[in-house]
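Take a look at the structure set out below.
All of these numbers come straight from a predicted model, not from anything done at the bench. Protein chains get the first letters and strands the later ones, always in sequence-line order, with residue 1 at the start of each.
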Amino acid sequence: MPVYTCTTVKSTLSADIKASLAGEVTRIHSMINHVPGSYVNVVFHELAPDDVYTDGLPAQPLLINGWVRTGHPEAQSSQLVAEVAAAASRVTGIPARRVLVVIQNSPAHLAIEGGRVLPAPGEEEEWLRQQKDGV
Amino acid sequence: MPVYTCTTVKSTLSADIKASLAGEVTRIHSMINHVPGSYVNVVFHELAPDDVYTDGLPAQPLLINGWVRTGHPEAQSSQLVAEVAAAASRVTGIPARRVLVVIQNSPAHLAIEGGRVLPAPGEEEEWLRQQKDGV
Amino acid sequence: MPVYTCTTVKSTLSADIKASLAGEVTRIHSMINHVPGSYVNVVFHELAPDDVYTDGLPAQPLLINGWVRTGHPEAQSSQLVAEVAAAASRVTGIPARRVLVVIQNSPAHLAIEGGRVLPAPGEEEEWLRQQKDGV
């Protein structure tokens with residue numbers, strides 16, 4: 001269901017670090033937002049040094065943009081963004097001051113996966129049961 | 001007005017398939033949301049195999065993220081996401097279980113094209129007429 | 001805090017033009033939304049010619065997608081999008097009809113930078129003061 005898009009300058013993250021970060025973000029999202037890991041997507045955009053600017057100058061931030069379904073309780077979303085941001089620094093070694101995590105959302109009914117409209121937050125179990133049963 | 005961003009692993013889609021998918025998404029959006037095809041943008045991000053993860057493991061999903069103006073009737077938006085998702089599998093041959101389509105939106109007054117603020121949904125005709133007249 | 005993502009076909013913008021556009025967007029955002037330039041990120045995605053379509057055909061638009069915190073006054077956001085769009089054409093020489101600027105937003109409490117939840121619009125000064133004091 002969710003998609004996390006990580007943007008860095010090329011060669012900032014090794015293949016191992018990317019796999020580790022993808023694993024951690026998946027684990028965190030799965031635990032907090034009640035979504036099986038098999039529905040969590042993480043992608044990396046690695047850009048040329050002259051394609052990334054902070055303060056108008058070439059820079060090396062780690063920008064993470066997550067999309068989630070609208071309607072998760074606020075405390076849950078706050079925990080999600082905090083844990084993703086902490087994991088980003090912990091896994092990559094990039095200091096927190098260069099890490100920006102942003103969560104965006106839109107209503108579940110504006111997203112389709114596996115040919116089915118996504119469930120609203122709180123209705124995952126029934127949706128997953130039907131998916132499994134091929135209903 | 002809209003932008004559809006399709007993300008896959010490199011070499012998943014041939015140039016012909018990309019052109020066909022862009023054409024289908026444009027046709028569908030144009031028909032359902034009353035926007036001339038000349039205002040529909042579709043872009044593809046083709047990433048390295050170690051830049052795309054599902055469930056924390058390298059994977060080959062087709063992720064489509066669309067941006068549209070806020071305020072289209074809900075039934076219309078549901079039809080839009082359903083038809084885009086169906087077209088994605090039909091055109092690419094990628095099974096529905098690996099396809100995620102997400103529509104995001106923001107108010108038309110937060111977008112500018114051709115130097116003019118976009119029209120709210122339902123006000124396209126007048127906007128297009130003025131564009132044509134160079135008003 | 002904000003991230004501006006500019007998407008073009010490869011070789012549309014020279015390194016100098018990209019740096020100039022990043023500088024202008026940073027200056028404009030900083031001035032209008034009361035954010036120090038050191039918190040403004042601008043990234044460029046340069047895609048292959050067969051990865052960018054308008055009207056279902058290969059095309060050369062300049063697509064700018066900005067993320068900002070929800071809650072800025074409407075007049076301020078309108079000015080922001082207008083000035084970014086004007087700067088895009090002025091700096092790059094790409095005519096306005098090929099430039100689309102879209103601003104998306106989500107609540108400040110769904111974003112973390114420097115290890116801290118972002119301030120709501122209007123509360124930047126206090127947040128920046130605490131950042132500086134290491135509170």
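- To the nearest 0.5 Å, atoms SG (A:Cys6) and CG (B:Asp51) are separated by 9.5 Å.
- Neither the backbone nor the side chain of B:Asn65 comes within contact range of chain A; no heavy atoms are under 4.5 Å apart.
- Residues satisfying the salt bridge (Lys or Arg N to Asp or Glu O under 4.0 Å) test with A:Glu123, not counting sequence neighbours, are none.
- Nearest heavy atom pair, residue B:Val102 against residue A:Ser106, reads CG1-OG, 3.9 Å.
- Scanning residues 73-99 of chain B against chain A with a 4.5 Å heavy-atom cutoff picks out B:Glu74, B:Ser77, B:Ser78, B:Val81, B:Ala82, B:Ala85, B:Ala96, B:Arg97, B:Val99, ordered by number.
- Against chain A, the residues from residues 34-49 of chain B that qualify, each with a non-hydrogen atom under 4.5 angstrom away, are B:His45, B:Leu47 in number order.
- Rounding to the nearest 0.5 angstrom, the gap separating the CG atom in B:Leu63 from the CH2 atom in A:Trp67 is 11.0 Å.
- The contact list for residues 10-21 of chain B toward chain A, using heavy atoms and a distance under 4.5 Å, is empty.
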